[in-house]
Amino acid sequence: MTGGARRDKVLVELIVLLMLFMILYVFSSDLVWLMESAGNISSGIKPVKAFFMFFAYIFWLFSDIKADIIMYMIGGGTIILNGRR
């Protein structure tokens, strides 16, 4: 791959990552509610409840714009470093 094509691929991946983070930011409150309600339904099986509570916490992180920016910077930095290889 040439340098220009590699740079274009990295930019497209960064834009796709940004769109994913913005979609998760918009729908995070609904996803948290969904995971918490799924965890409450499966209250008899503790590993399943812990699984849903873990995902509720992850989606709750997406509702904070500061955490979104930090996670995007980490993910974007990983994409950029991978693009240099």
Side-chain angles (χ1 to χ4, degrees):
M1 244 188 207
T2 63
R6 185 178 299 146
R7 188 174 9 142
D8 292 343
K9 181 182 175 192
V10 168
L11 286 175
V12 168
E13 288 175 352
L14 287 174
I15 291 170
V16 168
L17 182 68
L18 179 65
M19 297 304 289
L20 174 71
F21 271 70
M22 290 301 105
I23 289 170
L24 287 172
Y25 176 72
V26 169
F27 293 111
S28 63
S29 60
D30 296 332
L31 292 170
V32 167
W33 177 81
L34 179 70
M35 292 298 149
E36 286 179 349
S37 64
N40 291 335
I41 290 172
S42 62
S43 60
I45 307 169
K46 292 197 184 247
V48 175
K49 183 175 182 175
F51 178 76
F52 286 122
M53 290 297 123
F54 173 72
F55 274 112
Y57 176 72
I58 295 296
F59 289 130
W60 175 80
L61 283 176
F62 282 103
S63 66
D64 184 17
I65 195 71
K66 293 176 193 172
D68 271 350
I69 291 170
I70 291 171
M71 288 186 291
Y72 177 76
M73 290 174 71
I74 292 170
T78 305
I79 289 172
I80 290 171
L81 287 175
N82 192 24
R84 289 187 181 178
R85 287 187 351 150

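Hydrogens, waters and symmetry mates play no part in the numbers below; they use all other heavy atoms, side chains included.
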Let me check something: any side-chain donor-acceptor pairs from residues 69-81 under 3.5 Å, sequence neighbours excluded? List them with distances.
unit_1: Tyr72; atom_1: OH; unit_2: Leu14; atom_2: O; d: 3.2
unit_1: Thr78; atom_1: OG1; unit_2: Ile74; atom_2: O; d: 2.9

For Tyr25, side-chain contact (heavy atoms from CB on, under 4.5 Å) partners two or more places apart: Ile65, Asp68

Co-members of Val16 in a cluster of I, L, V, M, F, W and Y side chains, linked at under 4.5 Å: Val12

With Trp60 via ring pair (Phe, Tyr, Trp, His ring centres under 6.0 Å) - residues at least two apart: Tyr57

Listed partners of Phe55 passing ring pair (Phe, Tyr, Trp, His ring centres under 6.0 Å), at least two apart: Phe51

same_hphob_cluster(Phe54, Val48) at 4.5 Å side-chain heavy-atom cutoff: yes

Rounded distance [0.5 Å steps], CG in Leu34 versus CD in Glu36: 10.0 Å

Which residues share a ring pair (Phe, Tyr, Trp, His ring centres under 6.0 Å) with Phe62, sequence neighbours left out: Phe21

Leu31 vs Ile58, side chain to side chain contact (heavy atoms under 4.5 Å, CB included): CA-CA, chis, key distance, verdict: CA-CA 10 Å; Leu31 292 170; Ile58 295 296; over 6 Å; no

Straight-line distance of Asp30 CG to Phe59 CZ, nearest 0.5 Å: 11.5 Å

Nearest-0.5 Å distance, CD of residue Glu13 to CG of residue Asp8: 11.5 Å

Listed partners of Val26 passing side-chain contact (heavy atoms from CB on, under 4.5 Å), at least two apart: none

Considering all heavy atoms, the nearest Gly39-Met53 contact: CA-CE, 3.9 Å

Euclidean distance, Leu61 CG relative to Leu24 CG, rounded to 0.5 Å: 11.5 Å

Nearest-0.5 Å distance, NZ of residue Lys49 to CG of residue Asn40: 6.0 Å

